[in-house]
> 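Have a look at this one before I ask anything.
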2 protein chains.
Amino acid sequence: MKPPHAAPDQRTGSVQAGTKHAQASEFSGKVDQGGSDCMAVSSMLQRIGDKWTVLIVSYLGNGPMRFNALRREIGNISQKMLTTTLRNLERDGFVLRTVTPSRPPAVEYELTQLGRCLLVPVSGLARWTLENIDRIEAARAEYDAKEG
Amino acid sequence: MKPPHAAPDQRTGSVQAGTKHAQASEFSGKVDQGGSDCMAVSSMLQRIGDKWTVLIVSYLGNGPMRFNALRREIGNISQKMLTTTLRNLERDGFVLRTVTPSRPPAVEYELTQLGRCLLVPVSGLARWTLENIDRIEAARAEYDAKEG
DNA sequence: CGGCATCCTGCGGGATACTG
DNA sequence: CAGTATCCCGCAGGATGCCG
């Protein structure tokens with residue numbers, strides 16, 4: 001693994017404005033996006049950035065749910081992907097799977113503590129998305145307009 | 001249809017930050033059932049959850065960079081993917097591309113205001129990842145051990 | 001009900017070569 | 001230097017079928 005920011009000169013590890021945009025942005029907190037951490041972030045984003053993970057975690061945020069309940073709620077997920085995604089979530093310790101041996105068997109999924117606290121940063125990104133999606137779509141429209 | 005609304009034991013919250021965005025537009029992709037806000041988040045995660053986006057945005061967080069500088073810094077990205085990713089970032093309004101017509105031509109990329117403020121929630125996720133990666137890997141090891 | 005197993009397709013993304 | 005154009009491959013992920 002090659003650590004990002006192998007940049008020799010600078011090892012600040014924070015987003016500092018370049019020469020032109022030196023003025024502070026509207027946010028006050030410092031952003032330490034620049035260090036060797038970006039690999040971890042990148043990996044995490046790819047991990048939860050797949051098609052269904054966040055959606056499922058969100059639904060499970062409401063409380064425990066059974067397999068087909070989850071499936072019905074989401075609506076258009078194949079059971080293969082639901083199974084796969086739940087398995088991965090279970091493996092990472094985000095979701096707890098509980099089998100009740102009845103007939104037919106009942107399987108309940110619920111968020112673990114780790115899974116619930118994952119919702120915190122994710123909801124931060126959610127908030128940001130909802131706050132800025134208009135600007136993003138406007139930018140897209142403008143860009144596409146210029147292309148023809 | 002009740003939209004997923006997370007209730008972690010802390011007030012930090014849900015994946016949903018608001019309920020006003022009715023229009024789905026292209027961000028919702030092809031899935032069109034109820035929880036449109038979750039879809040927006042999910043789409044955003046997929047958008048920035050690709051292989052290079054966050055990495056590039058992180059590097060650009062240090063200031064403007066030229067194409068090959070960026071390329072050298074990242075190290076193992078194909079120029080095709082660098083171009084593609086930068087184009088997408090430009091289209092979304094995250095990155096500004098400035099061409100200086102010299103010989104050879106110089107092209108500089110820098111984060112826009114929107115791009116910089118994206119770093120805020122992303123670094124939140126980064127922080128969370130670094131704080132919890134040990135638990136995740138422990139959970140994985142345990143899970144894998146039980147599987148054989 | 002809650003799964004695996006299998007097949008198949010689309011597309012993300014790498015390698016390579018060519019331009020202005 | 002900063003791209004564009006092709007070709008190619010792996011794999012995420014959908015459809016379908018069978019099983020305890």
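Order of the sequence lines fixes the chain letters, A, B, ..., with proteins taken first and strands second; residue numbering starts at 1 for each chain. Please read these numbers as outputs of a predicted model, since none were measured by experiment.
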> Indicate whether OP1 or OP2 belonging to C:dC4 is found under 4.0 Å from a side-chain N or O atom of A:Arg87.
yes
> How do B:Arg97 and A:Ser78 order along DNA chain D: which one's closest nucleotide is nearer the 5' end?
B:Arg97
> Can you check the A:Met81 CE to C:dA5 P distance for me, whole Å?
16 Å
> Under 4.0 Å: is that the gap between some side-chain N or O of A:Arg71 and OP1 or OP2 of C:dG2?
no
> Between C:dC11 atom P and B:Trp52 atom CH2, what is the distance in whole Å?
22 Å
> What is the distance, rounded to the nearest whole Å, between atom NZ of A:Lys80 and atom P of D:dC18?
17 Å
> So which one's nearest nucleotide on DNA chain D is more toward 5', B:Val107 or A:Pro105?
B:Val107
> Closer than 4.0 Å, any side-chain N/O of A:Lys51 to the OP1 or OP2 of D:dG14?
yes
> To the nearest angstrom, how far is A:Leu45 atom CG from C:dG12 atom C1'?
17 Å
> Rounded to the nearest 0.5 Å, what's the gap from CG on A:Leu114 to CG on A:Asp92? Could you check?
8.5 Å
> Round to the nearest Å and state the distance from B:Gln46 atom CD to D:dA12 atom P.
14 Å
> If you compare every side-chain N and O of B:Arg103 against the phosphate oxygens of D:dC1 (OP1, OP2), does one of them come in below 4.0 Å?
no
> I need the B:Ile56 CD1 to B:Lys51 NZ distance, nearest 0.5 Å.
12.0 Å
> For A:Asp50 and C:dG12, what is the distance between atoms CG and C1' respectively, to the nearest whole Å?
14 Å
> Do B:Leu86 and B:Thr83 come close enough that some side-chain heavy atom pair is under 4.5 Å?
no
> Taking the side chain as C-beta and beyond, is there a heavy-atom pair between A:Leu82 and A:Phe67 under 4.5 Å?
yes
> Does a nitrogen or oxygen in the side chain of B:Tyr109 sit under 4.0 Å from OP1 or OP2 of D:dG3?
yes
> Quick check: on DNA chain C, is the nucleotide nearest B:Gly49 upstream (toward 5') of the one nearest A:Arg66, or the reverse? Name the residue that is more 5'.
A:Arg66
> Counting only distance, no hydrogens or angles, is the base of D:dG13 paired donor-acceptor with the side chain of A:Gln79 under 3.5 Å?
no
> Hydrophobic clustering (ILVMFWY, side-chain heavy atoms < 4.5 Å, transitive) - are B:Ile74 and A:Leu45 grouped together?
yes
> Taking CD1 from B:Ile77 and P from D:dG3, how many angstroms apart are they, rounded to a whole number?
13 Å
> For the side chain of A:Pro104, starting at C-beta, report the closest nucleotide among D:dG13, C:dG3, C:dC1.
C:dC1
> Write down the distance between CG (A:Leu82) and C1' (D:dA12), rounded to a whole number of angstrom.
16 Å
